[in-house]
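The next block holds one structure in the form of structure tokens; read it before the comments.
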Amino acid sequence: MNEALIMKAYEIAVEKYAEHGVSVSEALKKLDSISLSIHCWQGDDVRGFEMPVSEPGGGLAVTGNYPGRAGNVEELQADLKIALSLIPGKHRLNLHAIYGDFSKYTGDRDTLVYSQYIHWVDWAKEHGLGLDFNATCFGHVRSSDGWTLCSLEDDKRNFWVEHVKRCREIGEHFGKTLGRPCMHNLWIPDGCKDSTALRFKRREKLKESLSEIYSVRHDRTCLMDSVESKLFGIGSEAFVAGSHEFYMQWVSDHNLRNNDDVLLCLDMGHFHPTESVADKISSILMFQQRLLLHISRGLRWDSDHVAVFDDGVKELMLETARAGALERTYLALDYFDASINRIGAWVAGARATLMAVLFALLEPLDKIREYELEGNGLGRLALMEACKTLPLGSVWDYWCTINDVPAGLKWLDKTGEYEKNFLSKR
């Protein structure tokens with residue numbers, strides 16, 4: 001795209017937004033501070049590097065067999081490097097525990113140590129990235145019956161408790177080494193396919209497990225913690241122990257009792273299709289200091305489709321910005337699609353998410369609120385509709401350009417070239 005044309009379009013956009021009292025330059029300053037957590041598991045279909053490699057399981061289903069899946073650390077890092085070069089801004093890398101170095105370590109997941117992830121720390125330093133981390137409580141023989149932290153078998157439950165404890169320790173090391181906090185997110189697959197008479201007992205075990213795990217305190221300048229709920233999963237249609245209600249109550253109680261700051265994680269695909277995740281933000285942030293959002297796209301079910309610039313993502317960002325909470329809300333991508341170019345999936349989802357943030361930052365909020373406070377519902381409605389056709393794309397192309405990232409669809413050329421030269425040869 002012609003740079004002179006981008007600049008001219010940007011200048012016109014600045015004037016258009018100024019007519020509604022919006023400072024584009026201020027919006028871009030805020031956008032510069034937004035850091036996405038880019039999920040590593042899009043690049044290899046959530047397989048990881050344990051030996052032997054296992055299928056994800058735990059209700060996770062990756063569909064498609066597009067060529068070029070990363071098969072080792074080096075390939076995954078190379079793919080991530082290309083993807084990050086096409087996403088404007090400074091971001092973080094989100095790792096699952098199954099992406100460690102297992103060539104020299106023969107222990108199980110309850111014996112993980114920081115040294116197994118030094119290759120990622122070195123890579124993050126080289127590329128100026130932060131690291132986030134996740135315990136991997138799926139795709140393992142000890143989770144094959146669908147239970148981990150809710151298991152009624154003490155040895156199995158203790159195994160997963162120790163795994164999560166190890167992962168939190170590793171995450172704290174990430175934060176100390178890289179000089180920026182690591183977010184450790186906990187999601188478990190625990191649930192059952194058909195009706196159960198043990199709902200209370202399973203959740204009692206989960207509460208007990210969480211108490212054991214989070215009784216170990218870590219430096220909050222190095223490690224942040226979050227817990228992620230789910231409505232249902234494949235193979236857990238009837239009951240999931242870690243529901244939204246359970247974790248919302250647990251977080252409130254834990255933080256109050258322990259003067260702590262464990263975050264709730266809201267995944268866009270983990271609620272009923274007609275349920276508004278955006279509506280939950282103001283309620284949660286009224287009582288909690290911070291919040292983690294997983295950006296995904298569910299089609300009919302929690303299908304983890306690539307995030308796009310749709311109403312769901314836009315409303316999520318609008319509500320966060322309207323609450324003045326972008327600085328205390330952490331954004332992470334969480335989807336996996338093996339039916340298209342995996343690098344393109346990273347880029348498309350990240351760019352759509354960042355564009356939604358920009359859309360929210362460019363909303364003429366002061367004028368909209370003025371109309372609402374005056375009781376002028378028509379004015380509010382008309383202005384909200386007018387926002388949809390303001391020249392967002394011109395501002396986006398400008399931001400990409402000043403970040404030395406391809407504007408428009410130019411990034412497709414880069415992914416196509418990389419696929420031809422590297423992915424197609426794997």
Side-chain angles (χ1 to χ4, degrees), residues 39 41 46 55-62 96-97 134-140 142-153 156-157 159-161 163-164 167 184-214 225-254 262-277 279-280 283-284 291-305 332 334-336:
H39 58 315
W41 50 93
V46 205
E55 293 299 320
L60 302 175
V62 183
H96 247 288
N134 306 261
T136 306
C137 299
F138 54 83
H140 190 279
R142 286 179 176 260
S143 63
S144 59
D145 65 351
W147 304 107
T148 61
L149 297 182
C150 300
S151 178
L152 303 182
E153 300 174 37
K156 184 181 294 184
R157 191 182 66 83
F159 172 89
W160 290 111
V161 166
H163 170 64
V164 180
C167 290
H184 177 269
N185 183 56
L186 176 63
W187 174 79
I188 61 172
D190 296 43
C192 55
K193 186 176 182 66
D194 214 335
S195 299
T196 174
L198 293 173
R199 288 175 185 263
F200 192 91
K201 186 65 174 178
R202 294 292 186 181
R203 286 181 170 140
E204 189 175 50
K205 284 296 181 182
L206 177 54
K207 181 183 176 184
E208 184 180 336
S209 296
L210 295 175
S211 295
E212 292 180 43
I213 290 165
Y214 295 100
D225 281 298
S226 60
V227 288
E228 179 180 353
S229 66
K230 195 165 186 175
L231 178 63
F232 81 99
I234 299 175
S236 59
E237 292 86 353
F239 169 65
V240 169
S243 66
H244 177 60
E245 293 79 8
F246 175 90
Y247 279 128
M248 187 163 58
Q249 293 280 59
W250 183 85
V251 162
S252 296
D253 181 68
H254 170 84
V262 176
L263 284 69
L264 273 175
C265 171
L266 303 183
D267 186 300
M268 294 186 69
H270 287 191
F271 297 88
H272 192 278
T274 62
E275 196 171 3
S276 171
V277 180
D279 183 53
K280 303 179 188 300
S283 295
I284 291 170
L291 177 66
L292 172 62
L293 297 176
H294 274 191
I295 312 303
S296 182
R297 178 168 52 109
L299 290 182
R300 303 184 185 275
W301 65 288
D302 178 28
S303 50
D304 292 298
H305 279 67
D334 188 4
Y335 53 78
F336 29 88

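- If you run salt bridge (charged side-chain N to carboxylate O under 4.0 Å, His left out) between K230 and each of D302, D334, D304, D267, only D302 comes through.
- I188 has its side chain out of reach of V164: every pair of non-hydrogen atoms, C-beta onward, lies at least 4.5 Å apart.
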Q | Check against salt bridge (charged side-chain N to carboxylate O under 4.0 Å, His left out), E204 and K207 | A | CA-CA 5 Å; E204 189 175 50; K207 181 183 176 184; over 6 Å; no
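- Listed for the E275 side chain is no donor-acceptor partner under 3.5 Å among the backbone atoms of P273.
- Under the 4.5 Å side-chain criterion, counting only non-hydrogen atoms from C-beta, N185 is in contact with H294.
- For the pair R202 and F239, the minimum side-chain heavy-atom distance is below 4.5 Å.
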Under 3.5 Å, side-chain donor or acceptor atoms of residues 247-254 against the rest of the protein: list the pairs with distances, not counting sequence neighbours.
residue	atom	partner	partner atom	Å
S252	OG	M248	O	3.1
S252	OG	Q288	NE2	3.2
D253	OD1	R257	NE	2.8
D253	OD2	R257	NE	3.0
H254	ND1	N258	ND2	3.2
H254	NE2	D260	OD2	2.9

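- When side chains are defined from C-beta on, W301 does not count as touching E237, because their heavy atoms never get closer than 4.5 Å.
- Contact of the L293 side chain with the M268 side chain is not registered, since no non-hydrogen atoms from C-beta on lie closer than 4.5 Å.
- Within the 4.5 Å cutoff, no side-chain heavy atoms of V62 are placed close to those of W41.
- In this pair, H270 and W187 present their aromatic rings tilted. The plane angle is within the 30 to 60° band.
- Between S209 and R157, the shortest heavy-atom contact is OG-NH1, 2.9 Å.
- Considering only residues two or more places apart in sequence or on other chains, W160 meets the ring-ring contact (aromatic ring centres under 6.0 Å, His included) condition with H140, H163.
- Side chain of D190 to main chain of A241: no donor-acceptor pair is present (N/O by atom type, distance under 3.5 Å, no hydrogens or angles).
- Two residues are said to be in side-chain contact when any heavy atoms from C-beta on lie closer than 4.5 Å; L231 and V240 fail this criterion.
- Residues H184 and A135 share a closest heavy-atom pair of NE2-N, 3.2 Å.
- L186 places a side-chain heavy atom less than 4.5 Å from the side chain of L149.
- From L210, atom CG reaches atom NZ of K205 across 13.0 Å, with rounding to the nearest 0.5 Å.
- In the displayed structure, K156 atom NZ is contacted under 6.0 Å by more than 12 heavy atoms of other residues, nucleotides or ligands.
- Pairing each heavy atom of I295 with each of Y335, the nearest pair is O-CD2, 3.8 Å.
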